Protein chains: 2
Amino acid sequence: MNTTRSGRPALTRPDGTPLRVLVVDDDPDLAEVLSGALRYEGWQVRSAGDGASALTEARELMPDAVVLDVMLPDTDGFAVLRSLHTVKPDVCVLFLTARDAVEDRIAGITAGGDDYVTKPFSLEEVVARVRGLLRRAGMARQLDEGPRLTVGDLVMDEDSHEVTRAGELIELSPTEFELLRFLMRNPRRVLSKAQILDRVWSYDFGGRAHVVELYISYLRKKVDAGREPMIHTVRGAGYVLKPVTP
Amino acid sequence: MNTTRSGRPALTRPDGTPLRVLVVDDDPDLAEVLSGALRYEGWQVRSAGDGASALTEARELMPDAVVLDVMLPDTDGFAVLRSLHTVKPDVCVLFLTARDAVEDRIAGITAGGDDYVTKPFSLEEVVARVRGLLRRAGMARQLDEGPRLTVGDLVMDEDSHEVTRAGELIELSPTEFELLRFLMRNPRRVLSKAQILDRVWSYDFGGRAHVVELYISYLRKKVDAGREPMIHTVRGAGYVLKPVTP
DNA sequence: CGAACTTCTCAGGACCCTCTGAACCGGGGG
DNA sequence: CCCCCGGTTCAGAGGGTCCTGAGAAGTTCG
């Protein structure tokens with residue numbers, strides 16, 4: 001069976017081969033980071049720096065999904081989208097757009113089921129969105145069923161953003177939600193504060209690791225409140241999320 | 001079973017194969033957006049930019065429905081319609097027309113069971129109209145029953161435009177109706193303001209996402225008034241419609 | 001032509017989220 | 001015993017998101 005570098009079972013194409021993703025961004029550092037994060041999911045990744053090479057790469061790779069910066073040196077996102085669809089009509093696209101350019105020309109982009117995130121984003125968010133796109137497109141053979149993430153009696157529905165523990169509803173802020181999602185996707189594994197910071201916080205975040213401790217404390221209050229704790233501290237190493245009865 | 005990219009069961013042809021739709025518009029951006037929205041419904045879509053290529057595409061695709069711009073560079077929509085009918089006599093047509101265009105000529109055409117929408121339109125509207133055309137033509141085997149949409153005790157009849165909650169009639173303005181329809185077609189799923197804007201508002205709308213908040217507030221006053229709320233805000237993410245008892 | 005309605009902009013304000021700084025806590029080592 | 005260290009928690013500033021009311025412009029309809 002196909003497994004990710006992270007040890008989790010990979011989300012694969014219906015025929016069992018790894019999902020193929022193309023990353024298009026003119027900032028090579030960002031493209032590299034994104035590629036790394038997606039490759040970590042066990043997917044086959046290639047990247048391009050402009051619209052023209054994006055097309056040639058797409059023709060070769062025949063990607064299931066494309067992560068596409070809207071601002072490219074040669075063409076605009078809409079034109080690339082059109083050409084991509086002529087190459088592979090059922091391709092999913094996740095657009096990356098600058099916060100201040102928001103809404104200026106997103107019109108219609110999400111209409112086809114495609115999605116977008118605004119810069120600066122967190123890697124966890126991008127990965128989650130791509131997964132969501134592929135899942136909804138029926139492109140991914142889901143090894144776990146549906147949009148549900150389960151660890152012990154803790155359940156997260158990624159579509160409705162609902163989180164319950166032992167059936168009780170838990171209200172979370174956006175950052176709390178993303179942090180918990182990251183923990184739940186890596187259960188029984190110690191995650192260092194640096195790792196968490198890299199994945200859950202946006203790449204331009206300047207703050208210290210102290211926020212992670214803070215948000216872990218918030219989560220404990222909501223998730224572990226009065227119950228058998230699932231979030232554990234490993235001194236000098238990081239944090240683990242574990243079901244109460246392994 | 002054939003499912004849409006949105007996860008809903010697809011509206012299929014009587015023999016179970018996906019419905020086939022041809023989009024004809026000379027604005028490539030608009031054609032792209034329309035194709036995307038229709039493809040998202042699980043239908044097989046092709047597009048053309050003028051009357052001549054529309055015919056060749058039609059001969060190949062044998063579409064069940066055609067979305068047809070009345071103003072084309074080479075011929076006018078009515079000529080195309082006539083040729084289409086020689087290719088496939090029982091094809092349904094949804095005309096796209098400018099607001100100030102001659103509506104009386106259109107009126108004659110729609111007598112034949114065809115329909116039209118005026119530019120600028122919302123994607124939700126176009127998709128709903130095409131669905132309606134096919135349903136009425138008996139072209140579509142309806143997997144869910146009829147023109148009725150139900151979420152909890154909230155019921156919408158798409159044909160009569162009647163909406164009731166717990167049997168009580170709710171009066172809605174056109175925009176409120178379309179917004180609610182979009183929510184009801186995607187229950188238990190967080191919809192971002194951008195997503196809603198792309199789908200429910202016309203493609204040329206220049207305003208900000210703030211209107212969505214406003215209309216959600218209107219809907220709440222009518223749908224949730226004094227009752228257990230069904231419309232929920234997910235801060236930083238969007239809105240969800242959920243039945244009170246899942 | 002006027003009335004009712006619909007849509008959208010604007011502005012005020014409430015509330016929530018995030019992050020900083022500092023106090024606190026408990027264990028281990030000097 | 002005291003101090004250091006990693007971790008936890010509290011309090012609060014500031015910034016942002018979201019809600020709502022008022023009203024202007026446009027549209028529909030009698």
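All values reported here derive from a predicted model rather than from experimental measurement. Here is how names work: the chains are called A, B, and so on, in the same order as the sequence lines, proteins then strands, and each is numbered from 1.
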Strictly below 4.0 Å, N to O, side chains only: are A:D27 and A:K119 in salt-bridge contact? no

Phosphate contact (D:dC19 OP1 or OP2) by B:Y239 side-chain N/O below 4.0 Å: yes

Length of the CD1-P vector between B:I196 and C:dC8, whole Å: 14 Å

Whether A:T233 contacts D:dT8 is assessed here as follows: a side-chain N or O lying under 4.0 Å from the phosphate OP1 or OP2. Is that the case? yes

Among C:dT7, C:dC19, C:dC8, find the nucleotide with the atom closest to the side chain of B:V211. C:dC8

Is there a donor and acceptor pair, one atom on the side chain of A:Y218 and one on the base of C:dC19, closer than 3.5 Å? yes

Short side-chain N/O contact from A:W201 to OP1 or OP2 of C:dT18, under 4.0 Å: no

Specify the separation, in whole Å, of atom CG of B:L197 and atom P of D:dC18. 14 Å

Rounded to whole angstrom units, what separation is found between the CG atom of A:L214 and the C1' atom of D:dC10? 10 Å

Taking only side-chain nitrogens and oxygens of A:S217, does any of them come within less than 4.0 Å of OP1 or OP2 of D:dT9? yes

Quick check on D:dG21: is either OP1 or OP2 less than 4.0 Å from any side-chain nitrogen or oxygen of B:K221? yes

Salt bridge or not for A:E41 and A:R199, using N-O below 4.0 Å? yes

In whole angstroms, the gap separating C1' of C:dC10 from CD of B:E213 amounts to 13 Å

Using 30° and 60° as the class boundaries, would you call the ring planes of B:W201 and B:Y215 parallel, tilted or perpendicular? perpendicular

Donor-acceptor pair, side chain of B:K222 and main chain of B:E171, under 3.5 angstrom: yes

Less than 4.0 angstrom between a side-chain N/O of B:T175 and OP1 or OP2 of C:dT6, yes or no? no

Atom-to-atom span, CZ of A:F177 to C1' of C:dC16 - whole angstrom: 18 Å

By nearest heavy atom, map B:G238 and A:G238 onto DNA chain D; which one lands nearer the 5' end? A:G238

Roughly, in whole Å, what's the span from CZ in A:R235 to C1' in D:dC5? 8 Å

Pick base, sugar-phosphate or nothing for A:I216, based on heavy-atom distances below 4.0 Å to the nucleic acid. nothing

With no angle test and no hydrogens, is the base of C:dG21 tied to the side chain of A:H210 by a donor-acceptor pair under 3.5 Å? yes

Rounding to a whole Å, what distance do you find between A:F205:CZ and C:dT20:C1'? 10 Å

Does the side chain of A:R220 get closer than 4.0 angstrom to OP1 or OP2 of D:dT8 through an N or O atom? yes

Considering only heavy side-chain atoms of B:S173, the closest of C:dT6, D:dC18, C:dC8 is C:dT6

Rounded to whole Å, the CG-C1' distance (A:L172 to C:dC16) equals 14 Å

Between A:R208 and C:dG21, does any side-chain N or O lie under 4.0 Å from OP1 or OP2? no

With distance as the sole criterion, is a donor-acceptor pair present between the side chains of A:R220 and A:T233 under 3.5 Å? yes

Should the pair B:E158-B:R185 be classified as a salt bridge under the 4.0 Å nitrogen-to-oxygen rule? no

